[in-house]
Undergrad: 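This is the structure I have questions about; it appears just below.
Within every chain, numbering begins at 1; the chains are lettered A, B, ... in the order of the sequence lines, protein sequences first and strands thereafter. Computation of the quantities below employed the complete heavy-atom set of this structure, encompassing side-chain atoms and omitting hydrogens, waters and symmetry-equivalent molecules.
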2 protein chains.
Amino acid sequence: MDYIVSAPGKAILHGEHAVVHGKAALAVSLNLRTYLRLKASTTGKVYLNLPNIDAFLCWDLAELKQLTPYTCGKKKEVKHLDAELVRRLREFVGVTNENLDTCNMATLAFLYIYLSLFGSEELPSLTVSVWSELPTGAGLGSSAAYSVCLAAALLCASGAIPTPLWDPTAGWCQEDLELINSWAFQGEMIIHGNPSGVDNAVGTWGGMLRFLAGKIIPLGRVPLLRILLTNTKIPRSTKVLVAGVKDRINKFPSIITPVLDSVDAISCTCEKVLSEMTCEPITGEHYNILEELIDINQHHLNVMGVGHPALDTLCRVTLTRGLHSKLTGAGGGGCGITLLRPGNDETLAQERSFGVQVLLCHRLSSPIS
Amino acid sequence: MDYIVSAPGKAILHGEHAVVHGKAALAVSLNLRTYLRLKASTTGKVYLNLPNIDAFLCWDLAELKQLTPYTCGKKKEVKHLDAELVRRLREFVGVTNENLDTCNMATLAFLYIYLSLFGSEELPSLTVSVWSELPTGAGLGSSAAYSVCLAAALLCASGAIPTPLWDPTAGWCQEDLELINSWAFQGEMIIHGNPSGVDNAVGTWGGMLRFLAGKIIPLGRVPLLRILLTNTKIPRSTKVLVAGVKDRINKFPSIITPVLDSVDAISCTCEKVLSEMTCEPITGEHYNILEELIDINQHHLNVMGVGHPALDTLCRVTLTRGLHSKLTGAGGGGCGITLLRPGNDETLAQERSFGVQVLLCHRLSSPIS
């Protein structure tokens with residue numbers, strides 16, 4: 001048993017923040033991926049190697065076995081965390097406070113899924129190595145891509161779903177994907193507390209998703225879009241930003257509520273245009289509209305108070321090249337996306353200017369494989 | 001008979017463009033004024049001196065008399081232009097095309113009001129001199145201030161309203177003001193074709209007005225606000241900008257219509273806050289809200305497509321001083337307003353940087369006097 005699974009990160013095209021208030025959001029997968037290699041062994045140990053964060057962990061099967069006195073081994077779709085197992089794991093890993101560091105979060109998510117899937121049988125000796133093209137804490141769904149990889153690889157190891165066939169055209173059936181997604185959501189709950197489920201869904205299905213009122217709808221065909229992704233590297237708290245928008249709505253309900261309605265209409269219009277682009281010849285006008293929607297939404301996000309001077313700079317600098325940008329995700333820093341047209345020079349991605357750092361030029365991507 | 005009348009210019013605080021689509025707008029008077037001196041003479045001539053535009057005109061009473069074969073002399077409130085008189089005047093002045101220059105517009109407006117008020121009696125010999133602190137074509141209501149001064153001075157000369165008493169606390173009664181306003185509107189119709197009536201109303205009543213669905217409501221007490229007025233000197237066509245907003249509404253109705261609703265709510269909220277500032281102690285929070293409304297509306301105006309890089313620069317530069325700005329009027333260049341707090345240094349007004357030119361630091365102003 002030795003295989004690699006991978007899952008993409010995500011970006012929000014439109015609807016961040018508005019989605020918290022019952023409006024639609026559009027999430028797309030990136031071609032920045034997280035990769036996981038799982039290898040069976042006979043060492044009597046479980047190794048978890050996370051080179052990105054310089055963490056190389058190892059446990060004896062005997063000590064892990066003590067953590068699962070209850071009936072685990074739920075290989076079916078799951079909705080709720082096993083609170084008792086989480087409590088035991090936190091004690092085992094030695095975390096007490098609410099703010100976990102990346103290594104502890106990654107460890108808890110791994111051990112939770114591993115023990116839940118294998119706790120009722122013989123625990124297997126495994127070496128799991130995970131590496132990623134995604135920066136952590138940038139709102140690009142790196143934790144979800146990690147959780148999706150864990151869920152897929154460990155479900156394979158447990159026999160709940162078939163093992164990857166090394167044929168890129170083959171894939172898991174819808175039922176398998178739903179099982180992977182539900183276990184990845186467990187990992188997200190451990191890492192984020194109260195995740196929306198969008199990130200793990202994008203990591204699992206790839207492509208584009210609509211998220212509306214807690215429902216995640218994978219969208220059919222979407223055109224290949226080239227997006228320049230810029231990480232401002234301005235640290236920010238999603239929780240604080242979400243609370244700030246809520247405060248602003250409460251302060252100026254009659255002013256801000258229509259803006260959320262407008263964002264909703266932007267997401268719907270964008271979805272419609274992208275759908276048209278898959279079934280009719282793509283024209284400059286399609287891109288004109290996509291660019292106008294980006295500009296309008298960026299203004300709306302500023303109205304909600306989640307902008308940042310570094311993001312304004314991104315918009316201004318890219319506009320001097322005729323390109324249109326908006327923040328993606330929580331805002332207040334974090335990442336911005338810039339839509340590229342088919343003709344735009346990819347060397348743009350090499351530029352570093354005005355204090356904003358260009359990360360990567362990439363395409364929408366395939367789902368987990 | 002020798003007296004001076006004056007009338008203020010105006011700025012739109014909130015609601016420009018939205019007002020075209022049935023939403024509320026707030027207009028305030030400026031302490032930039034236009035002054036008119038009227039002096040009776042026995043020369044048998046009418047002199048019109050317009051030193052701002054270097055125009056010094058003179059007509060014999062005899063030639064003017066020939067222009068009024070019909071019954072004129074309507075000294076009552078009027079609603080419609082006398083199309084035949086306009087036609088004769090255009091021929092007399094020698095304008096044929098639709099785009100009049102400033103001098104021709106000023107001449108037509110003067111002669112129209114003069115002949116309408118005196119045409120049925122002996123035409124008086126007069127010297128009328130007008131000078132202004134308002135730039136023309138900057139959206140600050142310079143033509144309306146001119147028309148208000150013309151109407152007030154010539155109505156006095158005709159005996160329809162009392163002559164100014166040189167007592168600044170004395171003024172015209174409401175009926176007199178309505179008469180002045182209706183004649184000023186005639187002048188505006190000649191100059192602009194299809195004016196909203198807001199500018200002449202602000203010129204006549206001063207203070208603050210709400211304009212909604214064609215109705216102009218002078219608002220009661222308003223606090224003294226200090227506004228930095230910046231003329232970007234970017235030329236633009238109001239007609240083209242208004243048409244552009246309409247196109248955008250037609251292109252994205254579900255996206256732009258809510259933005260107009262939000263602008264409407266901004267005007268209402270602003271009016272409420274200004275009203276509170278007149279009846280309770282003014283606090284920093286009052287200014288915080290006024291500043292937030294300015295920022296939000298500026299984003300909305302960008303969404304409508306009537307922004308300009310020079311206006312973005314104004315906003316960015318003033319924000320580095322903690323000041324909040326928006327465009328005022330048609331946008332696409334033109335003027336911007338920056339709200340000053342009581343503590344802000346007026347020397348700010350002396351700065352010239354980043355290509356935007358600071359015009360004047362001024363206060364809200366009194367009505368015509």
Side-chain angles (χ1 to χ4, degrees), chain A residues 14-15 18 21 23-24 244-245 247-273 285 288-313 315-317 319-320 324 326 354, chain B residues 14-15 18 21 23-24 244-245 247-273 285 288-313 315-317 319-320 324 326 354:
Chain A
H14 290 292
H21 305 279
K23 308 301 177 187
V245 173
D247 287 349
R248 192 162 266 220
I249 294 171
N250 289 337
K251 188 172 183 183
F252 301 121
S254 60
I255 295 170
I256 306 297
T257 305
V259 175
L260 300 178
D261 292 337
S262 182
V263 171
D264 196 52
I266 288 170
S267 296
C268 295
T269 306
C270 182
E271 188 184 322
K272 189 165 152 282
V273 172
E285 181 58 14
N288 290 345
I289 295 175
L290 292 179
E291 287 171 350
E292 286 183 274
L293 298 179
I294 285 172
D295 289 344
I296 295 173
N297 201 351
Q298 176 63 14
H299 285 301
H300 287 351
L301 288 160
N302 274 312
V303 164
M304 295 180 214
V306 299
H308 187 277
L311 293 163
D312 294 340
T313 302
C315 294
R316 204 168 60 253
V317 169
L319 194 61
T320 63
H324 298 255
K326 66 178 276 291
F354 289 82
Chain B
H14 290 292
H21 305 279
K23 309 301 177 187
V245 173
D247 287 348
R248 192 161 266 221
I249 294 170
N250 290 336
K251 187 172 184 183
F252 301 122
S254 60
I255 295 170
I256 306 297
T257 306
V259 175
L260 300 177
D261 292 336
S262 182
V263 171
D264 196 52
I266 288 169
S267 296
C268 294
T269 306
C270 182
E271 189 183 322
K272 189 166 152 280
V273 171
E285 180 58 15
N288 290 345
I289 296 175
L290 292 179
E291 287 171 351
E292 286 182 273
L293 298 178
I294 285 172
D295 289 344
I296 295 173
N297 201 353
Q298 175 64 14
H299 285 300
H300 287 351
L301 288 160
N302 274 313
V303 164
M304 293 180 215
V306 299
H308 187 278
L311 294 162
D312 295 339
T313 303
C315 293
R316 204 168 58 251
V317 169
L319 195 61
T320 63
H324 298 255
K326 68 178 276 290
F354 290 83

Undergrad: Describe, in one word, how the ring planes of A:His300 and B:His300 are oriented to each other, choosing from parallel (under 30°), tilted (30 to 60°) and perpendicular (over 60°).
TA: perpendicular
Undergrad: Hey, which of A:Ile266, A:Val263, A:Asp261 has the most heavy atom pairs under 4.5 Å with chain B?
TA: A:Ile266
Undergrad: Please look at A:Asp295 and chain B and tell me whether the side chain, the backbone, both or neither of the residue comes under 4.5 angstrom of a heavy atom of that chain.
TA: neither
Undergrad: Pick from A:Val303, A:Ile289, A:Asp312, A:Asp264: which one has the most heavy-atom pairs with chain B under 4.5 Å?
TA: A:Val303
Undergrad: Do you know which of B:Pro253, B:Gly305, B:Ser254, B:Pro309 has the most heavy-atom pairs under 4.5 Å to chain A?
TA: B:Ser254
Undergrad: With a 4.5 angstrom heavy-atom cut-off, could you sort out which part of A:Gln298 is near chain B: side chain, backbone, both or neither?
TA: neither
Undergrad: Side chain, backbone, both or neither: which part of A:Leu319 has an atom under 4.5 Å from a heavy atom of chain B?
TA: neither
Undergrad: How close do A:Ile255 and B:Ser262 get, counting heavy atoms only, and between which atoms?
TA: O-OG, 2.6 Å
Undergrad: Tell me whether A:Lys272 at atom NZ has more than 12 heavy atoms from other residues, nucleotides or ligands lying less than 6.0 Å away.
TA: no
Undergrad: For the CE atom of A:Met304 and the CD1 atom of B:Ile296, what is their distance to the nearest 0.5 Å?
TA: 11.0 Å
